[in-house]
Amino acid sequence: MDDVIKRLMVAGLFVMLGACSAPTAFQSTDRLTRGQTVHRILLMPVDVELSLLTAGGIQQPHAEWTAKAKAHIKPALRNVLKRHNVELIEYAAKGGGNDLAEQHVQLVKLHGAVGITILRHKYIENLLLPTKTDKFDWTLGPKAVALNDEYNADYALFLLVRDSYASAGRSMMVMAGFLLGVGVSGGAQLGFASLVDLHTGEIVWFNRLARAQGDLREAGPAEETVTTLLNNFPK
Amino acid sequence: MFRRPSIILFFVLAGCAQFSLVEPTQRVTVAKVYSVSPSTTWSGFTTQNWVRWTVDGPLLQALTFIEPVETGRPLLDISEPKNLPLFNADMTAPEVMELFKATMQQMGLHQLAARGLEPAEFGKISGFRFDFTAVSKDGLNYSGFAAGAVQSDKLHLVFYTGSQLVYFEKHREDARKVIQSIQLQKT
Amino acid sequence: MKVRQLIFGLAVACFLAACATANESYEIALKRESKGDASKSPETAVSEPVDDAAAYQLAELSPGERPPVDSDEAGLWMMMDKAEDRVKTSGRRYRDKALNDYVRDVVCRVSRDYCRDIRVYIMRVPYFNATMAPNGAMEIWSGLLLRVQNEAQLASIIGHELGHYLRRHSLKRMQSVIDTSGGLAAFQVVLATVGLGSLGNLATLAALGGLQAYSRDFEREADGYGVVLMSKAGYDPKESAKVWERLTREQKADDEEGSTYSFLSTHPESEERLAALKLLANKVQPQHPEGRDSSVTFRAVMRPYRGVFLSDELNLRRFKRTEELLKILREDNGEQPELLFYQGELYRLRNEKGDRERALATYRKALSVGKPPAEVHKSMGLILLKTKQRDAARRSLAQYLKEKPDASDARMIQHLMQGNRGEGK
């Protein structure tokens, strides 16, 4: 899955095509129907990677920034989701190598395949699936309840973010490009957030992030990114 | 799953839609020779000599029709990988199954285990079918089945795959009905 | 003990005095091993106790060490951790417990103090390869397990990979790639070759040939470590050269693949490497003079998997190489029925002029020396059907079903026996 994300970023397709017309969020519900006063949401391990975009065009993964981003994302999520009466529970991967652990692994991998499918076939003009016109009905199936385990959560939230930041050298190239009227990408954010109803396995909400700004390395801007990522989150 | 063809799709910005709607209202002929009743609504696309139908996305499930393969040709008409096994018109069904297994391994379906190889009617002629399981490189489990026959020294092969969780089962019956409805056209 | 180490030390000193730079990197490894006390003269410098952990600390990496989070290395490490997660649940992973336990055991024996920092993953990939990522994740491919003759040869590869790991070659290489710039592609290639190979493009990696390829100096250094580490673990270091001799035989047999892109072009020249390894091996004695007798155990452990790995190998359709490999295996093991069966399979799948007859003859030979897998009767039957020997075909197919009543293709085989070919005409 990682190679696909990387290729998408290289192709710049998302930034190019991610402009005005394409919707950012899809949902099959605009309300969190599960849970009474509080909605318990299982936060799956956040797949985030920050990298430095060098003048030569290399995306160099940056451990310190990634660690910072991870540290900022969780409190930002909690803040943003507070308005939706959400209690966030952190998922811990199931050890033991038994059937249940394997089930968890397969569910997460299925989500990966579904995520890629949605990114490709609901957002890219040329690749729209005619069978999904005006339809948003992907699911992890009833077995998704296995993810719930002892957490007693109603939903699971998956997040993926790839974020690159221009080095000084790269920034200069961007400026130079501006002046010459040539486009040079100065780093981009790409990712998605998806909400799974753990009772049915349905993906009830999905939002794509694709833009050329945003900063996950500091708390304030990180919250802005998370807010954008959770755009149109069900009430 | 079949990553290579999909990546090729990615870089087409020419503005023409890659997927077309296949409706169950009437018979259609795909991959030159298979006349079928679609049984449900599919999204169809073409990759080299394969025509593929899906409802939820090819990474999740796909019904694939292979244009008739002649002696000395591989199942998929691509330049890489170079060492794809080749069909030979005197192959028996067990050898075709072997051919399929070896081809899929190079196309990204690993640890393919085939079972239940048996004679079956295919397009009103005597052919074969088998079931299989496999794993993608990313470790997602898949199930599938295939059916085919050799006619006029050419291999006719159709196969259906889907993730073991949810998507194989979702249109398994639809795929079976499509295969059952096959009438082979003369080329 | 001391006398031998004295002689060893003298040999090192003489060698260093006489030798040109080509062997310098090998010697670095040896020198480090002997540098127990820098103040002593060369002749007595190698008097450290056999189990001196301090000698291992001379690697650039200490056991349990992780890089600080703001370092370049941390970035690479983070990528490797993520990559390892993918490898752990990859579709190519071969999870058989007995095999994994055995290989892990050998890795621990060779890596000693570093054992707990290392995770071993066996991948079902039919090429000769082992990779080790800077975070301690090691992959060993089934193609390698098929090709090494004994535990000592396996240990030599493990030791070689450990050399790269202990000397942080991957980080150094990454830095040099980034320094000399290039494009995104270059970095991806680096990631693929410094880390977990099975996640990359296999065709590219196959082209790289033997093991993940670093600069020649790094390769020589790793070779040196390989020899030293394996001998410390009790293996006969002379076995290390044999791995490459066998691989070279295989690659020479394949004229299409051998020339342009093989490990020969990225690893030290084979002759030079073999010579250097042999020289090193003569200077380094195993801890137990007899060397660990590992052939018997190794063969017994590998036996159940050999057929699966050979099937995968045949799927690659590199028949010249595979034929040479089978020849080597038959030299190792004698004319075993299973090996003869796979030789027959090679002819059947290759299907060139005269191959059907060759296949039948080889299957018959397999049957005459013992009990090959039941599939031999199926393969014979399928060929006999094609050569119109219906009765003989039926007999063979019947024998197949008799030996394997629960065969997954039983119904089709029965159908074929009834005179139908399973096709429409």
Side-chain angles (χ1 to χ4, degrees), chain A residues 1-14 16-17 99 101-147 196 200-203 206, chain B residues 1-24 38-45 47 52-63 108-109 133-143 161-171 174:
Chain A
M1 180 168 157
D2 237 9
D3 1 320
V4 181
I5 300 282
K6 284 200 180 89
R7 285 199 184 96
L8 292 175
M9 292 191 84
V10 172
L13 269 180
F14 275 117
M16 277 153 66
L17 299 177
D99 282 344
E102 178 63 20
Q103 187 80 292
H104 278 227
V105 167
Q106 285 297 307
L107 283 162
V108 172
K109 284 184 192 288
L110 177 63
H111 182 270
V114 169
I116 291 279
T117 300
I118 297 174
L119 281 179
R120 279 183 181 164
H121 302 295
K122 279 305 258 183
Y123 289 97
I124 301 182
E125 194 70 39
N126 292 346
L127 299 179
L128 296 178
L129 280 175
T131 39
K132 295 296 194 194
T133 311
D134 300 326
K135 240 199 217 174
F136 186 78
D137 62 352
W138 280 279
T139 177
L140 301 185
K143 291 205 176 126
V145 68
L147 276 179
V196 176
T200 59
E202 284 168 28
I203 319 289
F206 185 96
Chain B
M1 185 164 68
F2 299 98
R3 203 143 273 163
R4 215 175 295 276
S6 307
I7 295 299
I8 294 168
L9 285 178
F10 253 115
F11 292 87
V12 175
L13 292 176
C16 43
Q18 298 301 309
F19 290 88
S20 51
L21 193 63
V22 180
E23 286 183 292
S39 79
T40 187
T41 309
W42 303 84
S43 296
F45 68 106
T47 299
R52 314 191 70 205
W53 288 0
T54 180
V55 175
D56 299 288
L59 207 55
L60 300 173
Q61 104 260 103
L63 175 61
L109 273 189
T133 55
V135 195
S136 72
K137 193 174 99 171
D138 293 327
L140 184 60
N141 293 338
Y142 285 86
S143 291
T161 45
S163 60
Q164 273 174 23
L165 271 174
V166 182
Y167 288 100
F168 171 75
E169 201 50 51
K170 188 165 181 269
H171 293 287
D174 292 316

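Every value quoted in this text rests on a predicted model; they were computed, and no experiment measured them. The sequence lines fix the lettering, A, B, ..., with proteins before strands; numbering per chain opens at 1.
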Report which part of V108(A) has an atom under 4.5 Å of a heavy atom belonging to chain B: side chain, backbone, both, or neither. neither
Least distance between heavy atoms, [X] atom then [Y] atom:
| X | Y | result |
| --- | --- | --- |
| V55(B) | K132(A) | O-CE, 3.7 Å |
| Y167(B) | T139(A) | OH-N, 2.9 Å |
| G139(B) | Q106(A) | O-NE2, 2.9 Å |
| L129(A) | S43(B) | CD2-CB, 3.6 Å |
| L59(B) | A113(A) | CD2-O, 3.8 Å |
| L110(A) | V166(B) | CD2-CG2, 4.2 Å |

Which residue is it: T131(A), L127(A), L128(A)? I am looking for the one with a side chain to side chain contact (heavy atoms under 4.5 Å, CB included) to F19(B). L127(A)
So which of N141(B), T54(B), V22(B) has the biggest tally of heavy-atom pairs under 4.5 Å with chain A?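 The answer is N141(B).
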Most contacts with chain A, counted as non-hydrogen pairs under 4.5 angstrom, among D56(B), L21(B), T41(B): D56(B)
CD-CZ distance between Q18(B) and R120(A), expressed to the nearest 0.5 angstrom: 12.5 Å
Which one of I118(A), D137(A), T117(A), V105(A) has the most heavy-atom pairs closer than 4.5 Å to chain B?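 Most heavy-atom pairs under 4.5 Å with chain B: T117(A).
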